[in-house]
Amino acid sequence: MQGEKRRRPMSLGILTVVATALSVLGFTSCSGAGSRPSVGERVLGIEELTRLDLLPRLKQSVKIGCVSSYDPTGENDDGFSGEYSYIRKEPEGLVIADLQGPGIIYRIHLPSPTDEVIEFYFDGESKPRISRKIPELFVGNIWPFLSPLVGAGVGGRFCYVPLTYQRSCKIIVKTETFHFFQINCARFPEGFAIPTFQDPPSEDFRRHLEDAVKLFGRAGSDITDALVPADSGIKTTAVKEILRPGRTVNLLKRSGPGRILGLRLGPAAAFAGGDRDILIKMYWDGAREPAVECPVSDFFGYSFGDPAVRSLLLGTAEGTNYIYFPMPFESFARIELVSERADGPAVDVQTEIVFAPLGKAVDEGRFYARWRRENPCTEGKPFTYLRTSGRGHVVGMILQAQGLETGTTGFFEGDDRAVIDGELAIPGTGSEDSFNGGWYDVPGRWENRGSFPLSGCLDYKKPLARTGGYRWL
């Protein structure tokens, strides 16, 4: 978070992963043959962290947002002076958030180490249910803020322990001046029953928290058992193909309802390098246009051609690329690799696809991935990750950013912003902050590659004016 916002343009490679409804592609919203009805199950808060099978389900919340220290004037005081880092002053300290329920806080991010006390007041209570020094939220061994659901690295601190409230949640920091922060939350319909966070937590909360800690600790390994209910008939199919220059090979072609749970593709080294000339495409339910069309390297989180990500849901481990997202379909699925190479050796492709015979439910979206690049970007114009319409939800993004001036990454000063249904829902405080990092170009902070279950830094090479990050939402 240094320098000025207005810098020279950069060239970008972007991958945005989206789970979205049919209407995004202009199809009807009817269920179609083979669809499962909604199970009507309500899963909120801490249990969501282990119910990855619910990732395709369209959200029950009516509004999502972020409270942050961003500078609404458009300048760069996103927490430096603290002028925009609170809503109001009260005798107990600075009120940094005053959220109305029913709602859930899903993420807390702070890039600056401070020892102030932070307090959470639930449902209008006069005494806080949580009162701790700020580092205690992120150190990882203080209940319920346990690693790897919380942590610190690449210049930032993050907390993914959901905090629920039925009527309201007020957050106060006991200090005269506060600086950088982001707090992400969701609001649900009036009358929606959400149990308020308890201290001490209930037995159910403890059990789900322990399960989430175990699951998040499995980043880089096979988590497909967490992507469907038990006894769902999971099957794994191994495919070996030879991909020659200019040709296409099918990794999967299946009729009938079902869902892809995982895809492992190797060898990872075969897709390395900067050419981006082997694409992965996915088609669902008779659509002519692919739902996924991306260079293999960028799809799996490479950093300028070098394998970089090892997260819970996507990355590279032991020389094999992997992605673990439920991808439901009603009647048909096809996954293929396309070589755009003019010549050169063939690639011996080795693939494992994990499948379950559970068709798309009526309240689920299909999996999409959109890859976008500008080279160079237009100076003074924001780069748009994604512009879409219809009902759906974004589940993550990967950004690679290359500046045009060697020795500087000032372009990373720009704020991330999400406009949802015509309103600014996510006002960011700097590009590296959006990836749970902070303080690029400061020794020991956003300076080296770092991979966590839900976020990380792809790399930082200042002489090349190059950096990037990823985050799952």
(message) If I compare all heavy atoms of Arg445 with all of Pro111, which pair ends up nearest, and what's the gap?
(response) NH1-O, 4.1 Å
(message) With a 4.0 Å cut-off on N to O distance, would you call Asp306 and Arg449 a salt bridge?
(response) yes
(request) Applying side chain to side chain donor-acceptor pair (under 3.5 Å) between Lys462 and each of Thr406, Asp441, Thr408, report the one that passes. (result) Asp441
(request) Identify the heavy atoms of Pro427 and Cys66 that sit nearest to each other, and give their distance. (result) CD-O, 3.4 Å
(request) Verify side chain to side chain donor-acceptor pair (under 3.5 Å) between Ser68 and Tyr84, making sure each step is shown before the conclusion. (result) CA-CA 8 Å; Ser68 72; Tyr84 306 107; over 6 Å; no
(request) Inspect the contact between Arg51 and Asp53 and indicate whether a charged nitrogen and a carboxylate oxygen are less than 4.0 angstrom apart. (result) yes
(message) If you compare all heavy atoms of Ala152 against all heavy atoms of Arg157, which two are closest, and at what distance to 0.1 Å?
(response) CB-CG, 3.9 Å
(message) Phe355: which residues meet the ring-ring contact (aromatic ring centres under 6.0 Å, His included) condition with it, sequence neighbours left out?
(response) none
(request) Might you work through the side chain to side chain donor-acceptor pair (under 3.5 Å) test for Glu116 and Thr114, ending with a clear yes or no? (result) CA-CA 6 Å; Glu116 292 97 346; Thr114 58; 2.9 Å; yes
(message) With a 6.0 Å cut-off (strictly less than), is the heavy-atom count around CZ of Arg129, excluding the residue itself, greater than 12?
(response) yes
(request) For the pair Phe367 and Phe299, name the ring-plane relationship: parallel under 30°, tilted 30 to 60°, perpendicular over 60°. (result) perpendicular
(request) Measure the shortest side-chain to side-chain distance between Trp439 and Ser112 over non-hydrogen atoms and say whether it is less than 4.5 angstrom. (result) yes
(request) Using a 4.5 Å cut-off on heavy atoms from C-beta on, say whether the side chain of Glu83 contacts that of Asp77. (result) yes
(request) Could you tell me the separation between the CG atom of Leu454 and the CG atom of Leu313, rounded to the nearest 0.5 Å? (result) 6.5 Å
(message) Could you check whether Glu90 pairs with Lys170 (Lys NZ or Arg NE/NH1/NH2 to Asp/Glu carboxylate O, under 4.0 Å)?
(response) yes
(message) Pairing donors with acceptors under 3.5 angstrom, does anything connect the side chains of Thr388 and Tyr368?
(response) no
(request) Apply the test ring-ring contact (aromatic ring centres under 6.0 Å, His included) to residues Phe216 and Phe452: give CA-CA distance (whole Å), side-chain angles for both, the deciding distance (0.1 Å), then the verdict. (result) CA-CA 9 Å; Phe216 276 53; Phe452 303 97; over 10 Å; no
(message) With a 4.5 Å cut-off on side-chain heavy atoms, are Leu399 and Phe412 touching?
(response) yes
(request) Apply the test side chain to side chain contact (heavy atoms under 4.5 Å, CB included) to residues Leu473 and Val395: give CA-CA distance (whole Å), side-chain angles for both, the deciding distance (0.1 Å), then the verdict. (result) CA-CA 5 Å; Leu473 307 180; Val395 295; 5.6 Å; no
(message) Under a plain distance cut-off of 3.5 Å, with no hydrogens placed, do Asn436 and Arg107 share a side-chain donor-acceptor pair?
(response) yes
(request) Measure centre to centre between the rings of Phe300 and Tyr322, then say whether the value is under 6.0 Å. (result) no
(message) Please report the interatomic distance CE(Met397) to OG(Ser455), rounded to the nearest 0.5 Å.
(response) 10.0 Å
(request) Could you grab the distance from atom CG of Asp222 to atom OH of Tyr324, nearest 0.5 Å is fine? (result) 4.0 Å
(message) When you compare the side chains of Thr467 and Tyr440, does any donor N or O come within less than 3.5 Å of an acceptor on the partner?
(response) no
(request) Flag the pair Ile130 / Pro128 as yes when at least one side-chain heavy-atom distance between them is below 4.5 Å, and no otherwise. (result) no
(request) Determine whether Arg244 and Val249 make a side-chain contact, defined as any pair of heavy atoms from C-beta on separated by less than 4.5 Å. (result) no
(message) As a quick check of understanding, evaluate side chain to side chain contact (heavy atoms under 4.5 Å, CB included) for Tyr302 and Phe271, giving each step before the final call.
(response) CA-CA 9 Å; Tyr302 287 33; Phe271 308 102; 4.0 Å; yes
(request) Return the minimal non-hydrogen interatomic distance between Ile242 and Ala346, and the atom names on each side. (result) CG2-CB, 3.6 Å
(message) Regarding Asp421 and Lys63, does a basic nitrogen lie under 4.0 Å from an acidic carboxylate oxygen?
(response) no
(message) Less than 4.0 angstrom from a charged side-chain N to a carboxylate O is my criterion; do Arg132 and Glu119 meet it?
(response) no
(request) State whether Lys240 and Asp348 are salt-bridged, where the test is any N-O pair (Lys NZ or Arg NE/NH1/NH2 against Asp/Glu carboxylate O) under 4.0 Å. (result) no
(request) Measure the acute angle between the ring planes of Phe205 and Phe197, then classify it against the limits of 30° and 60° as parallel, tilted or perpendicular. (result) perpendicular
(request) Apply salt bridge (charged side-chain N to carboxylate O under 4.0 Å, His left out) to Asp343 and Arg341, showing your working. (result) CA-CA 6 Å; Asp343 51 31; Arg341 295 175 179 174; over 6 Å; no
(message) Rounded at 0.5 Å granularity, tell me how far CD1 in Ile171 sits from CG in Asp98.
(response) 9.5 Å
(request) State whether a side-chain donor-acceptor pair under 3.5 Å links Glu48 with Tyr106. (result) yes
(request) Flag the pair Ile105 / Asn184 as yes when at least one side-chain heavy-atom distance between them is below 4.5 Å, and no otherwise. (result) no
(message) Testing the basics here: between Glu136 and Phe145, what is the closest heavy-atom pair and its distance to 0.1 Å?
(response) O-CB, 4.2 Å
(message) Tell me whether Arg471 forms a cation-pi arrangement with Phe435, defined as NZ or CZ under 6.0 Å from the six-membered ring centre and within 45 degrees of its axis.
(response) no
(request) Inspect the contact between Arg218 and Asp225 and indicate whether a charged nitrogen and a carboxylate oxygen are less than 4.0 angstrom apart. (result) yes
(message) As an exercise, state the distance from CD1 of Ile278 to CG of Leu243, rounded to the nearest 0.5 Å.
(response) 5.0 Å
(message) To the nearest 0.5 Å, what is the distance between CG on Asp416 and CD1 on Ile426?
(response) 8.0 Å
(message) Test side chain to side chain donor-acceptor pair (under 3.5 Å) on Thr316 and Asn321; report intermediate values, then the result.
(response) CA-CA 4 Å; Thr316 306; Asn321 301 317; 2.8 Å; yes
(message) Quick one, Ile87 and Ile96 - any side-chain contact, counting heavy atoms below 4.5 Å?
(response) no
(request) Identify which one of Lys174, Lys89, Glu176 satisfies the side chain to side chain contact (heavy atoms under 4.5 Å, CB included) criterion when paired with Leu94. (result) Lys89
(message) If only side-chain N and O atoms count, and only distance matters, is there a donor-acceptor pair under 3.5 Å linking Thr351 with Glu241?
(response) no
(request) Decide yes or no for Phe411 and Gln402: does some side-chain heavy atom of the first lie under 4.5 Å from some side-chain heavy atom of the second? (result) no
(request) Identify whether the distance between the nearest side-chain nitrogen and carboxylate oxygen of Asp115 and Lys133 falls below 4.0 Å. (result) no
(request) Would you name the heavy atoms of Leu386 and Arg370 that are closest together and state the gap between them? (result) CD1-CG, 4.2 Å
(message) I'd like to know if Arg276 pairs up with Asp298 as an ion pair, taking the criterion as any Lys NZ or Arg NE/NH1/NH2 lying under 4.0 Å from an Asp or Glu carboxylate oxygen.
(response) yes
(message) Taking atom CZ as the centre, does Arg88 end up with more than 12 heavy-atom neighbours from other residues, nucleotides or ligands that are less than 6.0 angstrom away?
(response) yes
(message) Measuring centre to centre across the rings, with the benzene-like ring taken for any Trp, is Phe120 within less than 6.0 Å of Tyr165?
(response) no
(message) Under a 4.0 Å threshold between the charged nitrogen and the carboxylate oxygen, would Arg57 count as salt-bridged to Glu364?
(response) no
(message) Under a 4.0 Å threshold between the charged nitrogen and the carboxylate oxygen, would Glu374 count as salt-bridged to Arg372?
(response) yes
(request) Start with the C-alpha gap between Trp472 and Ser311, add the side-chain angles, then the distance that decides, and say whether side chain to side chain donor-acceptor pair (under 3.5 Å) holds. (result) CA-CA 9 Å; Trp472 311 126; Ser311 75; 2.9 Å; yes
